[in-house]
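Here is the structure we will look at.
Labels below follow one simple rule: chain letters A, B, ... track the order of the sequence lines, proteins then strands, and each chain is numbered from 1.
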Number of protein chains: 2
Amino acid sequence: MLHRLVINEEFDRDAAITPQIYRILKERIIKNDLPPGSRLSEPEVAQQYDISRQPVRETFIKLAEEGLVIVRPQRKTLVTKIDLPTVLQSRFIREAVEADIVALLAQAGDPALIRELRRQLANQSEVAQVSRPDFINEDQRFHRTLAEAAGKDVAWKFLERINSQMDRVRFLSLRQFPAEQLVEEHSRVVDQIERGDASTAALAMRAHLKRLIGDLPQIAGEHADFFDRYDQKLIDDA
Amino acid sequence: MLHRLVINEEFDRDAAITPQIYRILKERIIKNDLPPGSRLSEPEVAQQYDISRQPVRETFIKLAEEGLVIVRPQRKTLVTKIDLPTVLQSRFIREAVEADIVALLAQAGDPALIRELRRQLANQSEVAQVSRPDFINEDQRFHRTLAEAAGKDVAWKFLERINSQMDRVRFLSLRQFPAEQLVEEHSRVVDQIERGDASTAALAMRAHLKRLIGDLPQIAGEHADFFDRYDQKLIDDA
DNA sequence: ACTTGTTGACTTGTATGGAAGAATGTAAGA
DNA sequence: TCTTACATTCTTCCATACAAGTCAACAAGT
């Protein structure tokens, strides 16, 4: 199989194996290359990548901690389905935290930060037309910049960890999402930070982050078998 | 050593070993029985509990994910020091999320919930006089009840995971903290929820959670070697 | 036809041997 | 005295064998 060979060549045999196989499997799951419900087996994966079971096993443990797989002892290991309550409540946490972050920034009022953010906004407008993955990168960078400027770098790392489940949804929505509108919303947040209006800035961020689940019903409709505990009512409440 | 024997007797040899050794080591770290900076070694721990290195190794991996130990490949494994930015920003996240939770509850206005909370408040007042560990349990239960009533059970599980670092601090403060005052603050939160005043309820919760770091300077002063990146300025800002 | 027991082929869990990197101490040399 | 090379002995990392639980197929009995 060509696929196997290509992946194997990515392997650096002189580096530690576990981090590599971890990164590979995590990416395959988040990008739905290994769709929800897929069965994984330690010896099978080990054989595919020509390594021993040990690094694979350690990887399974880490993925299980993140909720990306579930290990049923003596039975099997499965890629978890996308759990709707987890997705919605991850978003809820993110909104609460980022709203407070921009409120802090509005109170602080750092002109250098505003300049940096405006620079990023211009960049976002450019790549929005071109490449979706590039825009996603820029989007992440924007939010990370806000967190770090507020001195909440550790908090941001924590948010990144609970984002895995939301990322899986993001990679399911195939059609073009309204990148220009997202940039516009980013811009409003920056405006309010510059004005020093903490509560309005927070509201702008909240409105922006509501979008993360905007097309969830449609996505879930197209990939019903990827979801677990799906309930339209939960989305309406949120 | 008597200590060893007692611990060994806790082991159930017919159950899976890894979860047991994980729970044991985690508790020893959080309760500062294994103080920050302690050196851990796979074969040594394995020998202590008369098990093989494999479950110990898997436990190290999990503890490292939670930031309780740090594994330096080919060098050594250490119990991490209590990282001040991590503690402060964990508290920051908790405040943001729980403020939004009580705001939701104030809007919902569920009389049954109010009754349950008042019941718990009475209970808290009782145990506050008696046993500190019991009060801590009741405190946890109060906050969990709020989260679950708002339909944020998954979010609460996330918060629990980042609480380990704050728990380590809690077990360092030996002297009696003002349990009665905490109950009083809980009571204010419930009052505002009952009134249906979302923003005031949120503020009451924020004020309450500020306390979590109230005696941090004193604790850090008494156990300076347990802390990493200690900076009084960080506390003042927060 | 249905139930039950057994066998065998899976799965993950555990134990253990050895490989490779890193730190420490020591001795030889300048 | 100081530096450097090397050997020793740690550590974690990886590979592999075996143990034990689980499930499915199948055969024997009712």
Contacts under 3.5 angstrom, residues 230-238 of chain A side chains, donor-acceptor by atom type, not counting sequence neighbours:
{"from": "Y230(A)", "atom 1": "OH", "to": "Q232(A)", "atom 2": "OE1", "distance (Å)": "3.0"}
{"from": "D231(A)", "atom 1": "OD1", "to": "K233(A)", "atom 2": "N", "distance (Å)": "2.9"}
{"from": "Q232(A)", "atom 1": "NE2", "to": "D236(A)", "atom 2": "OD1", "distance (Å)": "3.1"}
{"from": "K233(A)", "atom 1": "NZ", "to": "D237(A)", "atom 2": "OD2", "distance (Å)": "3.2"}

Test of understanding: with side-chain contact (heavy atoms from CB on, under 4.5 Å), list the residues that count as partners of [X], not counting sequence neighbours.
X	value
A108(A)	none
A15(A)	D12(A), Q20(A)
D228(A)	K81(A), D83(A)

Quick check for you: name the first and last nucleotides of DNA chain C, 5' to 3', having an atom under 4.0 Å from a heavy atom of chain A.
dT11(C) to dT14(C)
Could you tell me which residues satisfy side chain to side chain donor-acceptor pair (under 3.5 Å) with D110(B), sequence neighbours excluded, listed by chain and number?
none
Residues 148-159 of chain A side chain polar contacts: donor-acceptor under 3.5 Å, at least two apart:
{"from": "D153(A)", "atom 1": "OD1", "to": "Q89(B)", "atom 2": "NE2", "distance (Å)": "3.2"}
{"from": "W156(A)", "atom 1": "NE1", "to": "E160(A)", "atom 2": "OE2", "distance (Å)": "3.4"}

What residues form a ring pair (Phe, Tyr, Trp, His ring centres under 6.0 Å) with F226(B), not counting sequence neighbours?
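If we apply the ring pair (Phe, Tyr, Trp, His ring centres under 6.0 Å) test to F226(B), skipping adjacent residues, the hits are H223(B).
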Sugar-phosphate or base contact per nucleotide [nucleotides 5-14 of chain D; S, B, -; heavy atom under 4.0 Å]
------BBBB
